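Just so we're on the same page: letters track the sequence lines, and every chain starts at 1. Quick caveat: nothing in here was measured; it's all calculated off a predicted structure.
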There are 2 protein chains.
Amino acid sequence: MKLNTIAQQLKLSESTVSRALNDYRDISADTKALVRRAASETGYFPNPHARRLASGKADNIAYVMPRSDGQFNSSFLVELMAGMAGALNAKGWDFSLLVPDSIEEEIEIFQKISRTRHVSGLIISRTLTRDVRFKILHELKIPFVSHGRSMDSAAAAWIDVDNATAFSDMTAHLIELGHRRIAHIGGEESYNFSSQRARGWRDALVKAGITVDPDLHQKAELSFAGGAFAMRSLLMLADPPTAVCCISDHVAIGAMRALRDCGLVPGHEVSVIGYDGLEIGNWLEPPLSTMKQPLQSAGQQLVEIVINMVENGDSPKDHQKLYRAKLVRRGTDNPPVPGCSKHLSRSRQDKNTTFGGEGK
Amino acid sequence: MKLNTIAQQLKLSESTVSRALNDYRDISADTKALVRRAASETGYFPNPHARRLASGKADNIAYVMPRSDGQFNSSFLVELMAGMAGALNAKGWDFSLLVPDSIEEEIEIFQKISRTRHVSGLIISRTLTRDVRFKILHELKIPFVSHGRSMDSAAAAWIDVDNATAFSDMTAHLIELGHRRIAHIGGEESYNFSSQRARGWRDALVKAGITVDPDLHQKAELSFAGGAFAMRSLLMLADPPTAVCCISDHVAIGAMRALRDCGLVPGHEVSVIGYDGLEIGNWLEPPLSTMKQPLQSAGQQLVEIVINMVENGDSPKDHQKLYRAKLVRRGTDNPPVPGCSKHLSRSRQDKNTTFGGEGK
DNA sequence: GTGTCAACCGAAAACGCTTTCGGTAAGTGT
DNA sequence: ACACTTACCGAAAGCGTTTTCGGTTGACAC
């Protein structure tokens, strides 16, 4: 099933067959049809390695998968990768996965790619506030797009959600409901989305004339446990919050658990809003309010961007896209309950008295 | 940075350099050291395409990712893929993802692989009870391992969990707690794990001398919504179950929601046990009991198996491994509450009377 | 000395495709 | 009739490795 075979069979030269298959315009329509039919009849597939070696093109995209955070929004990740694979498949390109253990290893991989060019384009994610990868990839001249911005991404291609606006929207919503003491459970601020979300929260408070109490800003691991721990700390405060903006749904779910453990009902004594729009939130008791990203097909978009850069040499700057998250009210965002603040200090409440909030 | 350059630089032939790098034994230790040093100094990486073309080896593994079931245990999937990527990376092999839209497309991909051999080995999953892929891959002589068995997998390599035993263990446990009316919310039985799990449930009942009531066997979509729907059907029964064995944690979570919506408390009037050992189960109210698979590094294992088959020509049959799932008691498996069965028929209960079960 | 055997290395032929360059034949205008 | 395109195709040179097949040494025994 080599090009050779098919050429002899048709009494054409290899080069003609090759060009016919690749739709060169100096091949007559007749021969093209002829060759195509012969190819599909014999079930011919060009050898990718030979093709790539000869053409110098790799025709594949690699996604740098964030390592070892089992707690991160994994359903989203799967969705994302499926989207990428689908879009690439439509183009006939390959999709590989890179899972570096450390940032050093990641950079090493980049260098290898830049030398051998065995990967035509890259998609990175989980961007840091300051992220060397942008500079490195730029220097190595590897076409790439990032899922998430960074302070170093001005000249790069990216798609992202407006984290700051999302969290100021969220916070403003709670303020409008009547809350004044609104906490934020955030994450490690070296991650760009972390610091942006914290900023959004802070901005909304300031804008409403509420002074920001540093005690109300907790930093947590982005996991169930992290959220639970942070929530417990908040409840220990002399003047606990009546609402909490959580950096992720996972964290919010942990926080809900902590509330329950103290005999409180999420959305009653303490409102909770998460972020991610996870399906699971709908199935909790009570259902978790959250911010949802509109990226139904982020994977596909990312792929299309990087393909454009590889094939047409598009400028990265022409591919920057910001989306806005939308509030999804479910059951855990409600007006503060007057007099409830007393209940909030350390003492475990009797379940029967605190149970049965007004719901949504 | 070609082999050429480095050869001239050292005044050696290309072939010598190549063999030195690949550790052939007819190259002296001295020259090997020399070449190696030169290579690492210049930062040389062999061109993968050229290498693969010349050697005929692809040195990569592809994973056929199950498409479009957002509801499936995605954290596990991510974990799995990370494990695969890690193991492959250690070997210097590439990892690609295949995401076919249909079974036809999947088979087409297999044929392409068998022709061009651009993928050395395959990992498949989400096996069907009758799964043509086993026969096809065997005929095409593509080395592969499956994550999950099938009726057609006798001669193939696989790792799997003993689904039947897991569900008979689960059911037996509920029987021991005193339950007699034990339902099963299962899935589409064309999936192998689905039918196995249903079988385990049925076997345990029979073994305990309990006649199997077909009404108690619900088939649901493997999602939150599917679980909720099935649970509602069960509650509508004239004689509803006091315990439910759910095919997955997702389904169980949906079932819990349905219970709550009827004013019931999961683990009180109706015990619920899930399957998968999802982290999220720990954070529900009450925490969900479940069966946990011991596959901490299934990805790595799968990769090692297929590599062995590719490199050493190992027989598939020597790589079949069955694991046993373990019960994780959390909050939703308890003895039946006497007199509760009355509450179970359709009527919405007042929350205050039903709330506050004995917990775990 | 001659023969033998390792140990080492080089020349050159693959591997299966792409792409440049040039050549022929037919069409176009004058 | 001539030059000049245009349309189409073939020859051949890569692409950067691996691998087969010999060939040249030097050591060692006789």
- Note on the structure: Rounded to the nearest 0.5 angstrom, the CG-CD distance for Leu80(B) and Gln301(B) is 10.5 Å
- Note on the structure: From CG of Asp30(A) across to P of dA7(D) the rounded distance in Å is 15 Å
- Query: How about Ser125(A) and Tyr63(A): does a side-chain donor come under 3.5 Å of a side-chain acceptor?
  - Reply: yes
- Quick one: Asn4(B) CG to dG14(D) C1', roughly how many Å, whole number? 13 Å
- Bounded by its outermost nucleotides with an atom under 4.0 Å from a heavy atom of chain A, the footprint on DNA chain C reads dG16(C) to dC21(C)
- Query: When you match Asp26(A) and Arg51(A) each to their closest nucleotide on DNA chain C, which lands nearer the 5' end?
  - Reply: Arg51(A)
- Residue that, paired with Ser28(A), satisfies side chain to side chain donor-acceptor pair (under 3.5 Å) out of Thr31(A), Asp30(A), Asp26(A): Thr31(A)
- Examine distances only and state if a side-chain atom of Arg36(A) and a backbone atom of Ala20(A) form a donor-acceptor pair shorter than 3.5 Å. yes
- Task: Could you tell me whether Arg133(B) and Asp131(B) make a salt bridge, using a distance below 4.0 angstrom between a side-chain N and a carboxylate O?
- Result: yes
- Query: What is the distance, rounded to the nearest whole Å, between atom CG of Asn22(B) and atom P of dG16(D)?
  - Reply: 17 Å
- Distance below 4.0 Å between Ser55(B) side-chain N/O and dT19(D) OP1 or OP2: no
- Item | Under 3.5 Å: donor-acceptor pair, side chain of Ser18(B), backbone of Glu14(B) | no
- Is the backbone of His118(B) close enough, under 3.5 Å, to the side chain of Asn60(B) for a donor and an acceptor to pair up by distance? yes
- Lys2(B) has an atom NZ; how far is it from atom C1' of dG16(D), in whole Å? 7 Å
- Would you mind reading off the distance between Arg52(A) atom CZ and dG16(D) atom P, rounded to a whole angstrom? 16 Å
- For dA7(D), does OP1 or OP2 lie under 4.0 Å from any side-chain N or O of Tyr24(A)? no
- Counting only distance, no hydrogens or angles, is the base of dC15(D) paired donor-acceptor with the side chain of Asn47(B) under 3.5 Å? no
- Message: Using a 4.0 Å heavy-atom cut-off, does Ser18(A) contact any base of the nucleic acid, only the sugar-phosphate backbone, or nothing at all?
- Response: base
- Describe, as an angle rounded to 10 degrees, how the axis at the first end of the helix from dG1(C)-dC30(D) to dT30(C)-dA1(D) is tilted relative to the axis at the last end, five pairs per end. 40°
- Task: To the nearest Å, give me how far apart CD (Glu14(A)) and P (dC8(D)) are.
- Result: 22 Å
- Roughly, in whole Å, what's the span from CG in Leu53(B) to P in dC15(D)? 14 Å
- What nucleotide, of dT19(D), dC8(D), dT17(D), holds the atom closest to the side chain of Ser15(B)? dT19(D)
- Regarding Asp314(B) and His319(B), is there a side-chain donor-to-acceptor distance under 3.5 Å anywhere? yes
- Query: Please give, in whole Å, the distance from dT18(D) P to His49(B) NE2?
  - Reply: 14 Å
- Message: Tell me whether Lys57(A) at atom NZ has more than 12 heavy atoms from other residues, nucleotides or ligands lying less than 6.0 Å away.
- Response: no
